[in-house]
Every structure is written in structure tokens, then in C-alpha cells.
Amino acid sequence: MTDNLQTTQYKQCVHCLEQKPVTDFLRRTGRRSGPASRRGSCRSCRKTRSRITAPITVSAANQEAAVQPAAPLAAMPEAVEAVPASQAKPAVGPAAASEPAAAAAPAVAPKRPRPSKAPARTALAGGKYRPRPLPANYSPTDASLLRTTRKGTVWMRGKTDKGRRWHQEIELELAVTLVKERAAVIVNRTTIRRLFSNKDFRSYILTRDNYTCHFCGQYGDTIDHMLPRAKGGHTTPDNCVCACNECNQSKADKDIDEFMREL
């Protein structure tokens with residue numbers, strides 16, 4: 001009959017640096033801890049540290065004595081004269097015997113303060129952060145007030161043709177362009193709001209230009225970009241004009257100056 005020999009595993013304590021059985025260490029808990037994960041302090045070191053850092057209890061009599069204010073010097077019957085250390089007499093009695101005992105008492109190790117992980121800005125519910133408020137007399141079209149979030153982007157929000165709200169993250173350069181070209185307004189330092197949905201924008205441009213082609217002066221019912229989108233133009237009121245179908249197809253992705261010379 002063979003005996004099943006179980007090998008004892010050892011681990012080094014981080015405080016006393018001694019090799020001790022694994023059973024002297026507490027198990028680690030958490031999602032990333034493995035089945036054999038143990039903490040760094042052994043049983044004896046944990047007891048020693050808990051004894052050192054134990055809170056000191058003060059009796060009620062000592063608390064009352066500490067609360068009472070000290071008597072003023074004027075109320076003392078006799079003035080106390082300072083005695084040089086060379087002429088001072090050594091204390092005799094139980095008070096003198098208690099001094100070495102007090103000196104030999106272990107000092108309480110102060111607890112180190114944990115570093116604060118709080119962010120610089122005030123956190124709101126849901127993990128969001130309040131952006132810096134805008135000035136009282138700010139203009140919603142002043143693009144210089146925009147700032148990026150911690151991700152380096154700006155939030156843009158708006159509504160679809162059916163009235164459903166949407167939001168997305170865009171670059172700061174694009175947000176500044178949309179505000180300057182009157183396609184969006186500033187909500188706060190990190191958010192802009194798109195003024196038009198696709199349907200409303202088309203209606204606004206055609207009504208503004210009175211359904212007249214910007215290039216030939218005839219009736220137009222399409223929208224064309226002055227600076228083509230292929231060359232960095234955006235769908236904004238300052239960059240879009242009404243155009244007829246023929247001019248819109250002829251211009252394609254040409255610049256406005258080049259197309260006007262060909263007419």
C-alpha cells in the first residue's frame with residue numbers, strides 16, 4: 001500500500017523575508033486572482049502589525065483631564081523659577097521608575113496616507129464631468145470658447161428628420177468650422193449643437209436663394225457645395241448654394257472660380 005505524499009509549498013513573506021508555508025498567507029480575492037494566489041504577509045507578521053497599529057483607548061477620566069484648561073500662572077501661589085539642568089535633582093520614587101518603562105514602549109507606526117485618485121474636475125453622477133462654465137455674456141457663435149474633452153474630441157448633437165436625437169464625437173477643427181460657418185452653435189465648452197437636420201437644411205438653402213441657381217440664374221432645386229466636399233468643404237450655410245440640375249452636374253468637384261470661367 002502506497003501513501004500519497006503531499007508536498008508542502010512555501011512562500012517568502014514580504015516583511016520578515018522568511019520562507020513559510022503557503023497556509024500562513026491569506027488567499028487573494030478578485031477577478032484576476034488565481035486559485036493559488038496568496039497575499040504577501042504571513043500570519044505572525046499580520047499579528048505583529050495589527051498589535052502595533054491598534055488604536056490607543058483613553059479612559060473617561062483622562063478625557064476629562066485633557067478637556068479641562070490649564071490654570072493660569074497668575075493663579076499659582078508661588079512663582080516657579082527656572083532651574084539649570086546641572087543643578088536639577090534626580091526624581092526619586094515611582095515616577096522615576098516609570099520613565100524608563102515609558103521610553104522602552106514601542107512607538108506607534110504612523111499610517112501612511114494613501115494617494116488621492118480623485119480627478120482635478122468635480123465628478124457628477126454616472127462618471128461624467130462638469131465642463132468649465134461659459135462666461136455670462138458669451139456668444140454661441142464664438143468658436144474660440146471651444147475646448148476638447150479628455151479624449152481630445154468635441155461632442156456634437158442634433159436631431160434627425162424624424163426628430164430623434166443623436167450625438168457623436170468630432171475633431172476640434174471640424175467643430176470650429178461648423179460654428180464659424182453657421183451650421184452649429186456652442187452649448188458648452190466641449191459640446192456644439194447642429195442647427196439643421198438634412199431635410200430642414202435643404203429647405204433653408206432653397207428658400208434663402210429663392211429657388212434660383214447661383215451660377216446661371218435659372219430655376220434650381222438642388223444644393224451644390226461652393227468648395228467641394230472632396231477638397232475639404234462641409235455642408236454649411238456659408239458653403240452651400242442653390243443650383244439647377246445641369247450646373248450641379250457640370251460643376252462636379254471643380255472649384256467655383258474654375259467653373260465660372262468655363263461658363
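Side-chain atoms are counted along with the backbone in the values below, which use heavy atoms only and exclude waters and symmetry mates.
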Inset, instruction - Determine, using the 4.5 Å side-chain heavy-atom cutoff (strictly less than), whether M156 and F201 are members of one ILVMFWY cluster. - result: no
Legend entry - L227 versus G232, closest heavy-atom pair with distance: CD2-C, 4.1 Å
Legend entry - Closest approach of N248 to I223 (non-hydrogen atoms, all atoms of both residues): ND2-O, 3.3 Å
Would you list the atom pairs, donor with acceptor, under 3.5 Å between side chains in residues 162-180 and any protein atom, with sequence neighbours excluded?
unit_1 : atom_1 : unit_2 : atom_2 : d
W166   : NE1    : K159   : O      : 3.4
E169   : OE2    : T153   : OG1    : 3.4
T177   : OG1    : E173   : O      : 2.9

Inset, instruction - Supply the atom-to-atom distance K20 NZ to C42 SG, rounded to the nearest 0.5 angstrom. - result: 3.5 Å
Legend entry - Close side-chain approach of S250 and E262, heavy atoms under 4.5 Å: no
Legend entry - Joint cluster assignment, I256 & V241, ILVMFWY side-chain distance < 4.5 Å: yes
Legend entry - Sole residue of R43, R38, R46 in side chain to side chain donor-acceptor pair (under 3.5 Å) with D24: R43
Inset, instruction - Can you measure from NE2 (H15) to OG (S44) and round to the nearest 0.5 angstrom? - result: 10.0 Å
Inset, instruction - Starting at CG of N210, measure out to OH of Y219 and round the result to the nearest 0.5 Å. - result: 10.5 Å
Inset, instruction - Quick one: closest heavy-atom pair of C45 and C13, and the distance? - result: SG-SG, 3.6 Å
Inset, instruction - Can you spot which of D209, T222, T207 makes a side-chain contact (heavy atoms from CB on, under 4.5 Å) with C242? - result: D209
Legend entry - Heavy-atom check, side chain of R157 versus side chain of V187, under 4.5 Å: yes
Legend entry - Salt-bridge present (R182, D238; N to O < 4.0 Å): yes
Legend entry - Nearest-0.5 Å distance that lies between atom CZ in R229 and atom CG in D253: 12.5 Å
Inset, instruction - State, without any angle test, whether S197 and D161 hold a side-chain donor-acceptor pair at a distance under 3.5 Å. - result: yes
Inset, instruction - Kindly say whether K47 contributes a backbone atom to a donor-acceptor pair with the side chain of S50 at under 3.5 angstrom? - result: yes
Inset, instruction - Group every Ile, Leu, Val, Met, Phe, Trp and Tyr by side-chain heavy-atom contacts under 4.5 Å, then state whether L195 and L146 land in the same group. - result: no
Inset, instruction - Supply the atom-to-atom distance L145 CG to S139 OG, rounded to the nearest 0.5 angstrom. - result: 8.0 Å
Inset, instruction - Return the minimal non-hydrogen interatomic distance between R208 and P237, and the atom names on each side. - result: NH1-O, 2.8 Å
Legend entry - Modelled atom types, side-chain donor and acceptor of T236 and N239, under 3.5 Å: no
Legend entry - Polar side-chain atom of D255 near backbone of E258 as donor-acceptor pair, under 3.5 Å: no
Legend entry - pair H214-M226: side-chain heavy atoms closer than 4.5 Å: yes
Legend entry - Shortest non-hydrogen contact from Q12 toward F25: C-CZ, 4.3 Å
Legend entry - Exercise: identify the closest heavy-atom pair between R189 and P135: NH2-CD, 3.8 Å
Legend entry - Gap between atom CZ of R194 and atom CD1 of I192 - 0.5 Å precision: 8.0 Å
Legend entry - Heavy-atom side-chain contact between F259 and C247 under 4.5 Å: yes
